[in-house]
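This one's a predicted model, so the numbers in the text were calculated from it and none came from an experiment. The figures that follow rest on heavy atoms only: side chains count, while hydrogens, waters and symmetry mates do not.
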Amino acid sequence: MTTPAPLKKDPMKAFRGIMAGTLILEVIVVALALPVIAKLHGGVTSLVGWTAFGFIAAFIAMCAFVRKPWAISAVVGLHVLLIASWLLLPAMGVIGVIFGLVWAYLLWLRKDLLKRMAEGRLPAQQQQQP
């Protein structure tokens with residue numbers, strides 16, 4: 001069995017960009033829940049409001065750490081907490097479920113990408129015929 005050809009570009013760098021972009025989308029969606037919190041839960045300075053701001057800050061901070069080996073575990077943990085926030089605000093729980101499914105798909109894609117890299121099946125690893 002031959003070893004895979006070396007990659008000129010790192011496909012995981014592009015994947016980390018997708019992960020950071022998904023986190024930013026989550027920031028936007030959770031921020032869109034702030035008017036609901038202001039109207040229905042005693043304003044954005046309530047416990048629910050501070051919880052939403054905490055999630056926004058955590059998702060922004062995670063964008064800086066997507067290349068760290070522990071980042072995926074931290075993102076999964078954040079989503080478990082976001083789903084658990086259903087008790088405070090059901091809308092945030094729904095956001096957690098939806099983005100939890102998005103992250104499950106992203107992690108499946110990551111697993112497939114790593115498998116294809118190890119097998120040398122990425123287009124960038126294919127030998128060019130003269």
**Prompt:** Any idea which heavy atoms bring Ala20 and Cys63 closest together, and the distance?
**Reply:** O-SG, 3.6 Å
**Asked** Taking the side chain as C-beta and beyond, is there a heavy-atom pair between Arg67 and Met12 under 4.5 Å?
**Response** no
**Request:** Hey, could you give me the CZ/CG distance between Arg116 and Leu109, rounded to the nearest 0.5 Å?
**Result:** 10.0 Å
**Prompt:** Taking side chain as C-beta onward, heavy atoms only, is Leu107 less than 4.5 Å from Val76?
**Reply:** yes
**Prompt:** Given the rule that I, L, V, M, F, W and Y join up when any side-chain heavy atoms are under 4.5 Å apart, are Ile18 and Leu113 in one cluster?
**Reply:** yes
**pair Glu26-Leu78: side-chain heavy atoms closer than 4.5 Å** = no
**Prompt:** So if you build clusters from Ile, Leu, Val, Met, Phe, Trp, Tyr with side-chain heavy-atom gaps below 4.5 Å, do Trp108 and Val102 land together?
**Reply:** yes
**Smallest separation among heavy atoms of Ala71 and Met62, with atom names** = O-CE, 3.5 Å
**Prompt:** Under a 4.5 Å side-chain heavy-atom rule over Ile, Leu, Val, Met, Phe, Trp and Tyr, are Leu101 and Val75 clustered together?
**Reply:** no
**Item:** Least distance between heavy atoms, Ser85 atom then Gly93 atom
**Value:** OG-N, 4.0 Å
**Message:** Please tell me whether Leu89 and Trp86 are part of a single hydrophobic cluster in this structure, the criterion being side-chain heavy atoms less than 4.5 Å apart.
**Reply:** no
**Item:** All ring pair (Phe, Tyr, Trp, His ring centres under 6.0 Å) counterparts of Phe59, not counting sequence neighbours
**Value:** His79
**Message:** Show the nearest heavy-atom pair for residues Ile72 and Met19, with the distance to one decimal.
**Reply:** CG1-CE, 4.3 Å
**Prompt:** Got a sec, which residues hit side-chain contact (heavy atoms from CB on, under 4.5 Å) with Leu81, two or more places apart in sequence or on another chain?
**Reply:** Phe55
**Separation between OG1 of Thr51 and CG of Leu47, rounded to the nearest 0.5 Å** = 4.0 Å
**Fill in**
The ring pair (Phe, Tyr, Trp, His ring centres under 6.0 Å) partners of Phe15 (sequence neighbours excluded) come to none
**Message:** Let me check something: do Tyr105 and Ile95 share a hydrophobic cluster, defined by ILVMFWY side-chain heavy atoms less than 4.5 Å apart, either directly or through other members?
**Reply:** yes
**Message:** Just so I know, are the side chains of Leu23 and Phe99 near enough to count as touching, which here means a heavy-atom distance under 4.5 Å?
**Reply:** no
**Message:** In the structure I gave you, are the side-chain heavy atoms of Val94 and Val97 within less than 4.5 Å of one another anywhere?
**Reply:** no
**Request:** Could you check if a side-chain atom of Trp103 sits within less than 4.5 angstrom of a side-chain atom of Leu106, using non-hydrogen atoms only?
**Result:** yes
**Item:** Side chain proximity check, Met92 to Ile83, heavy atoms < 4.5 angstrom
**Value:** no
**Prompt:** Got a second to check how far Leu88's CG is from Ile37's CD1, nearest 0.5 Å?
**Reply:** 9.5 Å
